[in-house]
Amino acid sequence: MRITDSLIERKPLVVLLGPTAVGKSRVAIMLAKALETEVLTADSRQVYRGMDIGMDKPSLEERDSVPHRLIDLVEPDQSFNAGEYRHLAVAEIDRLHRGGRLPLVVGGTGLYIRALIRGLWDGPSADWGYRRSLEENARQYGRDWLHQRLTEVDPALAGRLHPHDAVKIIRGLETHHLLGRPLSELHRQHGFGKSEFTTLLIGLAQDRDSLYRAIDARVDAQLKKGLLAETQQLLAKGYDRQLGSMKGLGYRQMAGYLAGEHSYDEAVRRLKRDTRHFAKRQMTWFRKEPDIHWLPIAENESTDRVVSRALDRVDRFLGECRSATPIAACPNPVMING
RNA sequence: GCCGAGGUAGCUCAGUUGGCAGAGCACAGCCCUGAAAAGGCUGGUGUCGACAGUUCGAUUCUGUCCCUCGGCA
(Lines give C-alpha, C1' and ligand atoms only; values in the text may rest on other atoms or scores of the structure.)
Protein backbone atom coordinates (compact mmCIF):
# COMPACT_ATOMS: atom_id res chain seq x y z
CA MET A 1 0.00 0.00 0.00
CA ARG A 2 1.40 3.34 -1.07
CA ILE A 3 0.22 6.49 0.51
CA THR A 4 -0.24 9.72 -1.32
CA ASP A 5 2.03 12.72 -1.20
CA SER A 6 -0.58 14.85 0.49
CA LEU A 7 -0.79 12.29 3.23
CA ILE A 8 2.96 11.95 3.53
CA GLU A 9 3.15 15.66 4.31
CA ARG A 10 1.44 14.92 7.57
CA LYS A 11 4.13 12.39 8.46
CA PRO A 12 1.77 9.60 9.43
CA LEU A 13 3.04 6.95 11.79
CA VAL A 14 1.49 3.84 13.30
CA VAL A 15 2.82 2.57 16.60
CA LEU A 16 1.93 -0.85 17.98
CA LEU A 17 2.71 -1.11 21.67
CA GLY A 18 1.87 -3.19 24.71
CA PRO A 19 3.41 -5.20 27.51
CA THR A 20 5.90 -7.97 26.93
CA ALA A 21 4.50 -11.32 25.74
CA VAL A 22 1.21 -9.84 24.59
CA GLY A 23 2.01 -10.86 21.01
CA LYS A 24 3.17 -7.61 19.42
CA SER A 25 5.78 -9.16 17.16
CA ARG A 26 3.44 -11.70 15.60
CA VAL A 27 0.79 -9.08 14.95
CA ALA A 28 3.38 -6.65 13.66
CA ILE A 29 4.67 -8.99 10.99
CA MET A 30 1.24 -9.59 9.52
CA LEU A 31 0.34 -5.94 9.86
CA ALA A 32 3.52 -4.92 8.06
CA LYS A 33 2.77 -7.34 5.23
CA ALA A 34 -0.74 -6.02 4.87
CA LEU A 35 0.50 -2.44 4.86
CA GLU A 36 3.44 -3.33 2.62
CA THR A 37 5.84 -1.69 4.98
CA GLU A 38 8.63 -2.61 7.40
CA VAL A 39 8.78 -3.17 11.13
CA LEU A 40 10.65 -0.50 13.07
CA THR A 41 11.37 -2.02 16.46
CA ALA A 42 11.06 0.14 19.56
CA ASP A 43 12.78 -2.13 22.00
CA SER A 44 15.77 -1.05 24.06
CA ARG A 45 17.02 -4.63 24.29
CA GLN A 46 16.71 -5.94 20.79
CA VAL A 47 19.43 -3.50 19.76
CA TYR A 48 22.11 -5.85 21.15
CA ARG A 49 23.69 -8.30 18.75
CA GLY A 50 23.96 -11.87 19.90
CA MET A 51 21.14 -11.54 22.40
CA ASP A 52 18.45 -13.30 20.42
CA ILE A 53 16.64 -15.78 22.62
CA GLY A 54 16.60 -13.64 25.76
CA MET A 55 15.38 -10.55 23.97
CA ASP A 56 12.84 -12.63 22.08
CA LYS A 57 13.81 -11.27 18.68
CA PRO A 58 11.81 -12.35 15.65
CA SER A 59 13.25 -15.40 13.92
CA LEU A 60 15.38 -15.17 10.79
CA GLU A 61 12.47 -16.49 8.72
CA GLU A 62 10.25 -13.81 10.13
CA ARG A 63 12.87 -11.19 9.42
CA ASP A 64 13.17 -12.59 5.93
CA SER A 65 9.48 -12.19 5.25
CA VAL A 66 9.33 -8.61 6.49
CA PRO A 67 12.30 -6.28 6.97
CA HIS A 68 12.93 -5.44 10.62
CA ARG A 69 14.90 -2.32 11.42
CA LEU A 70 16.50 -0.96 14.57
CA ILE A 71 17.56 -4.33 15.93
CA ASP A 72 21.13 -5.67 16.22
CA LEU A 73 22.61 -2.19 16.27
CA VAL A 74 25.41 -2.55 18.83
CA GLU A 75 27.48 -5.11 20.71
CA PRO A 76 26.37 -5.99 24.24
CA ASP A 77 29.21 -3.98 25.77
CA GLN A 78 28.45 -0.85 23.80
CA SER A 79 26.20 1.83 25.18
CA PHE A 80 22.94 2.76 23.61
CA ASN A 81 20.27 5.20 24.67
CA ALA A 82 16.96 6.83 23.94
CA GLY A 83 18.58 9.72 22.06
CA GLU A 84 20.39 7.45 19.64
CA TYR A 85 17.27 5.46 19.20
CA ARG A 86 15.27 8.52 18.30
CA HIS A 87 17.89 9.69 15.86
CA LEU A 88 18.00 6.36 14.02
CA ALA A 89 14.27 5.84 14.13
CA VAL A 90 13.52 9.26 12.68
CA ALA A 91 15.86 8.47 9.79
CA GLU A 92 14.10 5.16 9.11
CA ILE A 93 10.70 6.81 9.22
CA ASP A 94 11.89 9.47 6.85
CA ARG A 95 13.19 6.86 4.44
CA LEU A 96 9.87 5.01 4.46
CA HIS A 97 7.92 8.22 3.95
CA ARG A 98 10.03 9.09 0.96
CA GLY A 99 9.16 5.69 -0.47
CA GLY A 100 5.48 6.31 0.09
CA ARG A 101 5.22 3.82 2.92
CA LEU A 102 3.38 4.04 6.19
CA PRO A 103 5.97 3.42 8.94
CA LEU A 104 5.04 0.86 11.56
CA VAL A 105 6.81 1.15 14.91
CA VAL A 106 6.47 -1.84 17.23
CA GLY A 107 7.73 -2.19 20.74
CA GLY A 108 7.38 -2.07 24.47
CA THR A 109 9.98 0.45 25.55
CA GLY A 110 7.81 3.33 26.68
CA LEU A 111 10.55 5.89 26.85
CA TYR A 112 11.77 5.14 23.35
CA ILE A 113 8.29 5.50 21.93
CA ARG A 114 7.70 8.72 23.79
CA ALA A 115 11.08 10.06 22.73
CA LEU A 116 10.33 9.18 19.14
CA ILE A 117 6.93 10.79 18.88
CA ARG A 118 7.38 13.71 21.24
CA GLY A 119 11.12 14.26 21.20
CA LEU A 120 13.73 14.53 23.91
CA TRP A 121 15.36 17.61 25.30
CA ASP A 122 18.45 18.37 23.28
CA GLY A 123 21.14 17.31 25.74
CA PRO A 124 24.37 15.39 25.96
CA SER A 125 24.43 11.64 26.31
CA ALA A 126 26.03 9.81 29.18
CA ASP A 127 29.46 10.66 30.49
CA TRP A 128 30.31 7.27 31.94
CA GLY A 129 33.56 8.33 33.51
CA TYR A 130 31.81 11.01 35.49
CA ARG A 131 28.98 8.65 36.41
CA ARG A 132 31.42 6.13 37.77
CA SER A 133 33.15 8.73 39.87
CA LEU A 134 29.81 9.77 41.32
CA GLU A 135 29.00 6.15 42.13
CA GLU A 136 32.35 5.80 43.81
CA ASN A 137 31.65 8.84 45.95
CA ALA A 138 28.26 7.48 46.85
CA ARG A 139 29.84 4.25 48.02
CA GLN A 140 32.25 6.21 50.14
CA TYR A 141 30.01 8.89 51.63
CA GLY A 142 26.73 7.04 51.85
CA ARG A 143 23.50 6.59 50.07
CA ASP A 144 22.20 10.14 50.52
CA TRP A 145 25.35 11.92 49.38
CA LEU A 146 24.29 12.08 45.73
CA HIS A 147 20.91 13.47 46.62
CA GLN A 148 22.49 16.15 48.79
CA ARG A 149 24.72 17.20 45.91
CA LEU A 150 21.73 17.43 43.61
CA THR A 151 19.87 19.56 46.13
CA GLU A 152 22.71 22.07 45.85
CA VAL A 153 22.64 22.35 42.06
CA ASP A 154 19.04 21.47 41.17
CA PRO A 155 16.72 21.64 44.16
CA ALA A 156 13.61 21.25 42.01
CA LEU A 157 14.74 17.95 40.58
CA ALA A 158 16.07 16.78 43.95
CA GLY A 159 12.68 17.47 45.44
CA ARG A 160 11.00 15.34 42.85
CA LEU A 161 13.35 12.37 43.07
CA HIS A 162 13.54 9.97 45.95
CA PRO A 163 16.98 10.13 47.64
CA HIS A 164 17.58 6.50 46.73
CA ASP A 165 16.90 6.88 43.02
CA ALA A 166 20.59 7.05 42.16
CA VAL A 167 20.22 6.56 38.41
CA LYS A 168 18.09 9.64 37.90
CA ILE A 169 19.98 11.69 40.48
CA ILE A 170 23.21 10.94 38.63
CA ARG A 171 21.69 12.13 35.36
CA GLY A 172 20.79 15.42 37.03
CA LEU A 173 24.29 15.87 38.42
CA GLU A 174 25.83 14.88 35.11
CA THR A 175 23.80 17.46 33.21
CA HIS A 176 24.81 20.17 35.64
CA HIS A 177 28.42 19.05 35.40
CA LEU A 178 28.38 19.19 31.58
CA LEU A 179 26.20 22.23 30.96
CA GLY A 180 26.11 24.11 34.24
CA ARG A 181 22.33 24.26 34.13
CA PRO A 182 19.72 22.42 36.17
CA LEU A 183 18.15 19.49 34.36
CA SER A 184 14.72 20.29 35.77
CA GLU A 185 14.80 23.61 33.90
CA LEU A 186 15.84 21.98 30.62
CA HIS A 187 13.10 19.40 31.02
CA ARG A 188 10.55 22.08 31.65
CA GLN A 189 11.57 23.92 28.50
CA HIS A 190 11.22 20.81 26.43
CA GLY A 191 8.05 19.57 28.05
CA PHE A 192 7.31 16.72 25.65
CA GLY A 193 4.79 19.03 24.06
CA LYS A 194 5.58 18.76 20.38
CA SER A 195 5.08 15.93 17.98
CA GLU A 196 6.48 15.97 14.51
CA PHE A 197 4.38 13.02 13.37
CA THR A 198 0.70 12.36 13.01
CA THR A 199 0.57 9.27 15.09
CA LEU A 200 -1.83 6.41 15.64
CA LEU A 201 -0.99 4.53 18.82
CA ILE A 202 -2.47 1.05 18.99
CA GLY A 203 -2.11 -0.74 22.31
CA LEU A 204 -2.56 -4.48 22.67
CA ALA A 205 -4.21 -5.22 25.99
CA GLN A 206 -4.80 -8.54 27.65
CA ASP A 207 -6.29 -9.31 31.02
CA ARG A 208 -3.72 -9.73 33.73
CA ASP A 209 -4.14 -13.45 34.40
CA SER A 210 -3.88 -14.52 30.80
CA LEU A 211 -0.95 -12.18 30.18
CA TYR A 212 0.86 -13.75 33.12
CA ARG A 213 0.15 -17.20 31.73
CA ALA A 214 1.56 -16.06 28.39
CA ILE A 215 4.68 -14.79 30.14
CA ASP A 216 5.24 -18.11 31.88
CA ALA A 217 4.77 -19.97 28.62
CA ARG A 218 7.16 -17.71 26.77
CA VAL A 219 9.85 -18.08 29.40
CA ASP A 220 9.51 -21.86 29.16
CA ALA A 221 9.84 -21.60 25.40
CA GLN A 222 12.93 -19.40 25.69
CA LEU A 223 14.55 -21.90 28.02
CA LYS A 224 13.79 -24.67 25.58
CA LYS A 225 15.36 -22.68 22.77
CA GLY A 226 18.57 -22.47 24.76
CA LEU A 227 18.54 -19.33 26.87
CA LEU A 228 21.03 -20.86 29.28
CA ALA A 229 23.49 -21.74 26.50
CA GLU A 230 23.13 -18.29 25.00
CA THR A 231 23.94 -16.76 28.38
CA GLN A 232 26.99 -19.00 28.70
CA GLN A 233 28.20 -17.93 25.26
CA LEU A 234 27.84 -14.26 26.12
CA LEU A 235 29.71 -14.70 29.39
CA ALA A 236 32.40 -16.70 27.58
CA LYS A 237 32.86 -13.82 25.15
CA GLY A 238 33.69 -11.69 28.14
CA TYR A 239 30.45 -9.76 28.52
CA ASP A 240 30.28 -9.01 32.19
CA ARG A 241 27.18 -9.42 34.32
CA GLN A 242 27.42 -5.76 35.27
CA LEU A 243 26.78 -4.59 31.70
CA GLY A 244 23.40 -3.02 31.15
CA SER A 245 22.67 -5.47 28.40
CA MET A 246 23.49 -8.44 30.62
CA LYS A 247 21.10 -7.12 33.26
CA GLY A 248 18.27 -7.78 30.84
CA LEU A 249 15.62 -10.29 31.76
CA GLY A 250 16.80 -13.82 31.23
CA TYR A 251 20.53 -13.20 31.20
CA ARG A 252 20.51 -11.74 34.67
CA GLN A 253 18.79 -14.75 36.19
CA MET A 254 20.69 -17.37 34.18
CA ALA A 255 23.99 -15.69 35.04
CA GLY A 256 23.01 -15.85 38.72
CA TYR A 257 22.48 -19.56 38.42
CA LEU A 258 25.75 -20.05 36.51
CA ALA A 259 27.59 -18.13 39.22
CA GLY A 260 26.18 -20.54 41.80
CA GLU A 261 24.07 -17.94 43.56
CA HIS A 262 20.91 -19.99 43.37
CA SER A 263 19.44 -23.09 41.79
CA TYR A 264 18.23 -23.41 38.24
CA ASP A 265 14.63 -23.69 39.40
CA GLU A 266 15.05 -20.52 41.41
CA ALA A 267 16.47 -18.77 38.35
CA VAL A 268 13.40 -19.77 36.37
CA ARG A 269 11.06 -18.66 39.15
CA ARG A 270 12.80 -15.29 39.35
CA LEU A 271 12.79 -14.82 35.61
CA LYS A 272 9.05 -15.38 35.44
CA ARG A 273 8.43 -13.12 38.40
CA ASP A 274 10.71 -10.34 37.14
CA THR A 275 9.09 -10.52 33.72
CA ARG A 276 5.64 -10.13 35.33
CA HIS A 277 6.91 -7.14 37.27
CA PHE A 278 8.30 -5.66 34.10
CA ALA A 279 5.03 -6.12 32.25
CA LYS A 280 3.29 -4.37 35.12
CA ARG A 281 5.63 -1.39 34.91
CA GLN A 282 5.05 -1.20 31.18
CA MET A 283 1.30 -1.08 31.73
CA THR A 284 1.68 1.66 34.30
CA TRP A 285 3.70 3.67 31.81
CA PHE A 286 1.32 3.16 28.89
CA ARG A 287 -1.75 3.88 31.00
CA LYS A 288 -0.53 7.42 31.30
CA GLU A 289 0.47 7.88 27.68
CA PRO A 290 -2.25 9.93 25.98
CA ASP A 291 -4.26 8.86 22.94
CA ILE A 292 -3.61 5.15 22.88
CA HIS A 293 -6.30 3.16 21.09
CA TRP A 294 -6.51 -0.03 23.08
CA LEU A 295 -7.38 -3.32 21.42
CA PRO A 296 -8.40 -5.75 24.11
CA ILE A 297 -7.43 -9.22 22.96
CA ALA A 298 -8.80 -12.49 24.25
CA GLU A 299 -6.47 -15.24 25.38
CA ASN A 300 -7.44 -17.58 22.55
CA GLU A 301 -7.97 -14.93 19.90
CA SER A 302 -6.18 -15.64 16.62
CA THR A 303 -3.47 -13.36 15.36
CA ASP A 304 -5.46 -12.96 12.15
CA ARG A 305 -8.36 -11.49 14.00
CA VAL A 306 -6.22 -9.09 16.00
CA VAL A 307 -4.51 -8.01 12.81
CA SER A 308 -7.76 -7.36 11.03
CA ARG A 309 -9.04 -5.27 13.92
CA ALA A 310 -5.80 -3.31 13.93
CA LEU A 311 -6.07 -2.80 10.18
CA ASP A 312 -9.57 -1.40 10.59
CA ARG A 313 -8.16 1.09 13.02
CA VAL A 314 -5.35 2.03 10.66
CA ASP A 315 -7.82 2.54 7.78
CA ARG A 316 -9.90 4.80 9.93
CA PHE A 317 -6.79 6.73 10.93
CA LEU A 318 -5.74 7.25 7.31
CA GLY A 319 -9.26 8.26 6.37
CA GLU A 320 -9.42 10.82 9.13
CA CYS A 321 -6.02 12.11 8.15
CA ARG A 322 -6.97 12.39 4.51
CA SER A 323 -10.20 14.23 5.09
CA ALA A 324 -8.79 16.60 7.64
CA THR A 325 -7.78 19.76 5.88
CA PRO A 326 -6.17 21.59 8.73
CA ILE A 327 -3.50 19.49 10.30
CA ALA A 328 -4.91 20.19 13.72
CA ALA A 329 -7.95 18.11 12.82
CA CYS A 330 -5.94 14.92 12.56
CA PRO A 331 -6.69 12.34 15.19
CA ASN A 332 -3.54 13.03 17.09
CA PRO A 333 -3.23 16.80 16.76
CA VAL A 334 0.27 17.85 15.99
CA MET A 335 2.24 21.00 16.11
CA ILE A 336 4.91 20.93 13.53
CA ASN A 337 8.17 20.85 15.36
CA GLY A 338 9.97 24.00 14.28
C1' G B 1 -9.21 -45.76 68.03
C1' C B 2 -4.63 -44.16 70.72
C1' C B 3 -0.06 -41.02 70.95
C1' G B 4 2.52 -36.78 69.04
C1' A B 5 2.84 -32.16 66.08
C1' G B 6 0.10 -28.45 63.99
C1' G B 7 -4.25 -25.16 62.27
C1' U B 8 -2.39 -16.97 62.20
C1' A B 9 -2.29 -12.62 55.21
C1' G B 10 -2.72 -15.87 48.49
C1' C B 11 1.99 -19.13 50.23
C1' U B 12 5.90 -20.31 54.10
C1' C B 13 6.00 -19.08 58.93
C1' A B 14 7.06 -15.73 63.41
C1' G B 15 4.50 -13.65 67.56
C1' U B 16 1.43 -11.90 71.44
C1' U B 17 4.48 -13.35 79.96
C1' G B 18 -3.93 -11.80 78.02
C1' G B 19 -4.45 -5.10 75.72
C1' C B 20 -7.39 -3.06 68.30
C1' A B 21 -1.30 -9.08 65.05
C1' G B 22 3.89 -9.20 61.84
C1' A B 23 8.11 -10.82 58.41
C1' G B 24 9.75 -12.93 53.73
C1' C B 25 7.79 -14.20 49.24
C1' A B 26 3.52 -13.47 46.11
C1' C B 27 0.32 -9.67 44.60
C1' A B 28 -1.40 -4.53 43.74
C1' G B 29 -0.75 0.88 42.91
C1' C B 30 2.75 4.56 41.29
C1' C B 31 7.23 7.62 39.47
C1' C B 32 10.15 8.14 35.10
C1' U B 33 13.32 13.30 29.27
C1' G B 34 20.30 9.83 26.45
C1' A B 35 21.33 3.22 31.78
C1' A B 36 14.48 2.57 30.66
C1' A B 37 13.82 -5.31 30.26
C1' A B 38 17.51 0.01 33.92
C1' G B 39 16.53 2.64 38.52
C1' G B 40 13.23 4.18 42.50
C1' C B 41 8.69 4.76 45.87
C1' U B 42 4.11 3.10 48.36
C1' G B 43 0.48 -0.56 50.07
C1' G B 44 -1.12 -5.72 55.40
C1' U B 45 -8.97 -6.01 58.60
C1' G B 46 -6.54 -11.15 58.33
C1' U B 47 -14.00 -14.31 61.38
C1' C B 48 -5.28 -15.56 64.44
C1' G B 49 -9.87 -23.53 62.78
C1' A B 50 -15.20 -23.58 65.40
C1' C B 51 -18.06 -23.16 69.77
C1' A B 52 -18.31 -22.39 74.95
C1' G B 53 -15.93 -20.87 79.73
C1' U B 54 -12.66 -17.62 82.83
C1' U B 55 -11.61 -12.21 82.38
C1' C B 56 -12.86 -5.23 82.13
C1' G B 57 -10.67 -7.50 77.75
C1' A B 58 -9.06 -14.03 74.65
C1' U B 59 -5.76 -14.95 68.69
C1' U B 60 -3.02 -15.78 73.51
C1' C B 61 -5.47 -19.34 79.40
C1' U B 62 -9.23 -23.69 80.15
C1' G B 63 -12.74 -27.26 78.01
C1' U B 64 -15.21 -29.64 73.93
C1' C B 65 -15.38 -30.35 68.87
C1' C B 66 -13.61 -30.15 63.64
C1' C B 67 -9.55 -30.49 60.17
C1' U B 68 -4.29 -31.60 58.49
C1' C B 69 0.32 -34.26 58.96
C1' G B 70 3.34 -38.03 61.25
C1' G B 71 3.68 -42.61 64.36
C1' C B 72 1.23 -46.87 66.66
C1' A B 73 -2.85 -50.01 65.96
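Because the structure is predicted, anything quoted here is derived from the model rather than measured. Every chain is numbered from 1 and lettered A, B, ... according to where its sequence line falls, protein lines coming before strand lines.
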Can you see if the side chain of A/Arg86 gets near the phosphate of B/U33 - specifically, an N or O under 4.0 Å from OP1 or OP2? no
Kindly indicate whether a cation-pi arrangement holds for A/Arg86 with A/Tyr112, taking the cut-offs as under 6.0 Å to the six-membered ring centre and within 45° of the axis. no
Respond yes when some side-chain nitrogen or oxygen of A/His164 is under 4.0 Å from OP1 or OP2 of B/C41, and no when none is. yes
With a centroid cutoff of 5.5 Å and a plane-angle limit of 30°, would you call A/His187 stacked on B/U33? yes
Which residue, A/Arg252 or A/Arg188, contacts RNA chain B at a nucleotide closer to its 5' end, judged by nearest heavy atom? A/Arg188
Checking all strands, does A/Gly191 fall into the base, sugar-phosphate, or nothing category for heavy-atom contacts under 4.0 angstrom? base
For A/Lys280, which contact category applies under a 4.0 Å heavy-atom criterion: base, sugar-phosphate, or nothing? base
Just the rounded figure in Å: distance from P of B/A36 to CZ of A/Phe278. 11 Å
Scan A/Arg281 against the nucleic acid and name what it touches under 4.0 Å (heavy atoms): base, sugar-phosphate only, or nothing. base
Using heavy-atom distances to pick each residue's nearest nucleotide on RNA chain B, tell me which of A/Pro124 and A/Lys247 is more 5'. A/Pro124
Residues A/Glu38, A/Arg101: salt bridge by 4.0 Å N-O rule: no
B/G34 glycosidic conformation (syn if within 90° of 0, otherwise anti) is syn
With sugar-phosphate meaning primed atoms plus P, OP1 and OP2, does A/Gly123 contact a base, only sugar-phosphate, or nothing at under 4.0 Å between heavy atoms? base
About how many Å separate CZ of A/Arg95 and CG of A/Leu40, when rounded to the nearest 0.5 Å? 7.5 Å
Can you tell me if A/Tyr85 touches the phosphate of B/G34, counting only side-chain N or O atoms and a distance under 4.0 Å to OP1 or OP2? no
Would you please indicate if the ring centroids of A/Tyr85 and A/His87 are separated by under 6.0 Å? no
Please confirm whether the shortest side-chain N or O distance from A/Arg114 to OP1 or OP2 of B/U33 is below 4.0 Å. no
Are A/Arg171 and B/G34 close enough that a side-chain N or O sits under 4.0 Å from OP1 or OP2? yes
Please classify the nucleic acid contact of A/His147 as base, sugar-phosphate, or nothing, using heavy-atom distances under 4.0 Å. nothing
Is it true that A/Arg139 and A/Glu135 make a salt bridge, defined as a side-chain N closer than 4.0 Å to a carboxylate O? no
Can you check salt bridge (Lys or Arg N to Asp or Glu O under 4.0 Å) on A/Glu136 and A/Arg132, steps first, answer last? CA-CA 6 Å; A/Glu136 185 48 46; A/Arg132 268 188 283 275; over 6 Å; no
Integer-rounded Å distance: B/G34 C1' and A/Ile170 CD1: 14 Å
B/A35 base to A/Arg131 side chain: any donor-acceptor pair below 3.5 Å? yes
Look at all strands and tell whether A/Tyr212 reaches a base, only sugar-phosphate, or nothing, counting heavy atoms closer than 4.0 Å. sugar-phosphate
I'd like the C1' distance from B/G10 over to B/C27, given in whole Å. 8 Å
side-chain N/O A/Ser79 vs B/A35 OP1/OP2, d < 4.0 Å: no
Given B/A28, is OP1 or OP2 found less than 4.0 Å from the side-chain N or O atoms of A/Arg208? yes
Could you work out which one of B/C25, B/A28, B/G34 sits closest to the side chain of A/Asn81? B/G34
Phosphate oxygens OP1/OP2 of B/C32: is one of them under 4.0 Å from a side-chain N or O of A/Trp285? no
How is A/Asp43 classified with respect to the nucleic acid when contacts are heavy atoms under 4.0 Å: base, sugar-phosphate, or nothing? base
Return yes if the base of B/A36 and the side-chain atoms of A/Lys168 contain a donor-acceptor N/O pair under 3.5 Å, otherwise no. no
